[in-house]
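Note sheet for the following structure.
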Amino acid sequence: NEYIQARSKHKIFAKVIGPDTEAIKAYKKDDKKFYKETRLVDHKKFPFSIEMNIYGQKISFLSFKEEMGIIIESTEISQNMKYLFELAWQGAKI
């Protein structure tokens with residue numbers, strides 16, 4: 001929650017893709033308030049269980065279930081992950 005508040009305060013817009021579940025639908029309701037746009041995908045087809053973030057030249061992978069994460073800093077890898085994200089973004093529901 002602190003991260004979301006700080007990101008919003010600095011007007012850093014976030015694009016989020018999440019599974020079409022009741023929890024994510026509730027999260028989506030605060031899009032304007034927290035300076036983000038959330039799109040949904042079929043949770044049975046795409047059962048996401050980790051959080052992935054792409055920012056600048058970095059990508060982070062976070063598993064809250066396993067309590068671990070990793071950050072990769074690479075211009076080439078981050079650019080390609082941005083391409084993959086945009087591909088998924090275009091196919092997700094508004």
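Predicted, not measured: the structure shown is a model, and the values here were computed from it. Below, each value reflects all heavy atoms present in this structure, side chains not excepted, and no hydrogens, waters or symmetry copies.
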Ile70-Ile59 co-clustered via ILVMFWY side chain contacts under 4.5 Å: yes
Linked hydrophobic residues, Leu62 as query - side chain contacts closer than 4.5 Å: Phe64
Those residues that, when tested against Glu66, pass salt bridge (charged side-chain N to carboxylate O under 4.0 Å, His left out) (two or more places apart): none
Remaining members of hydrophobic cluster (4.5 Å side-chain criterion), Leu40: Ile24
Pairwise salt bridge (charged side-chain N to carboxylate O under 4.0 Å, His left out) hits with a residue in residues 67-79, at least two apart: none
Let me check something: any side-chain donor-acceptor pairs from residues 10-18 under 3.5 Å, sequence neighbours excluded? List them with distances.
from: His10; atom 1: ND1; to: Ala6; atom 2: O; distance (Å): 2.8
from: Lys15; atom 1: NZ; to: Glu86; atom 2: OE1; distance (Å): 3.4
from: Lys15; atom 1: NZ; to: Glu86; atom 2: OE2; distance (Å): 2.8

Sequence-distant partners of Lys93, side chain to side chain donor-acceptor pair (under 3.5 Å), two or more places apart: Asp20
Whether Thr38 side chain and Lys28 backbone form a donor-acceptor pair below 3.5 Å: no
Hydrophobic cluster membership, Phe48 vs Tyr27, 4.5 Å side-chain cutoff: no
From Phe34 atom CZ to Ser8 atom OG, the distance as rounded to the nearest 0.5 Å: 6.0 Å
Spatial distance of atom NZ (Lys58) from atom OG1 (Thr75) [nearest 0.5 Å]: 11.5 Å
By side chain to side chain donor-acceptor pair (under 3.5 Å) - contacts of Ser49 (at least two apart): none
Residues clustering with Tyr55 (ILVMFWY side chains joined when closer than 4.5 Å, directly or via others): Ile71
Ser60: side chain to side chain donor-acceptor pair (under 3.5 Å) partners, not counting sequence neighbours: Asn53
Gln57 side chain to Ser78 side chain, donor-acceptor N/O pair below 3.5 angstrom: no
Any pair counted as salt bridge (charged side-chain N to carboxylate O under 4.0 Å, His left out), so long as it reaches residues 33-54, sequence neighbours left out: Asp31-Lys36, Glu37-Arg39
Residues in ring pair (Phe, Tyr, Trp, His ring centres under 6.0 Å) contact with Phe85, at least two apart in sequence or another chain: Trp89
Same cluster (ILVMFWY, side-chain, under 4.5 Å), Tyr35 and Ile54: no
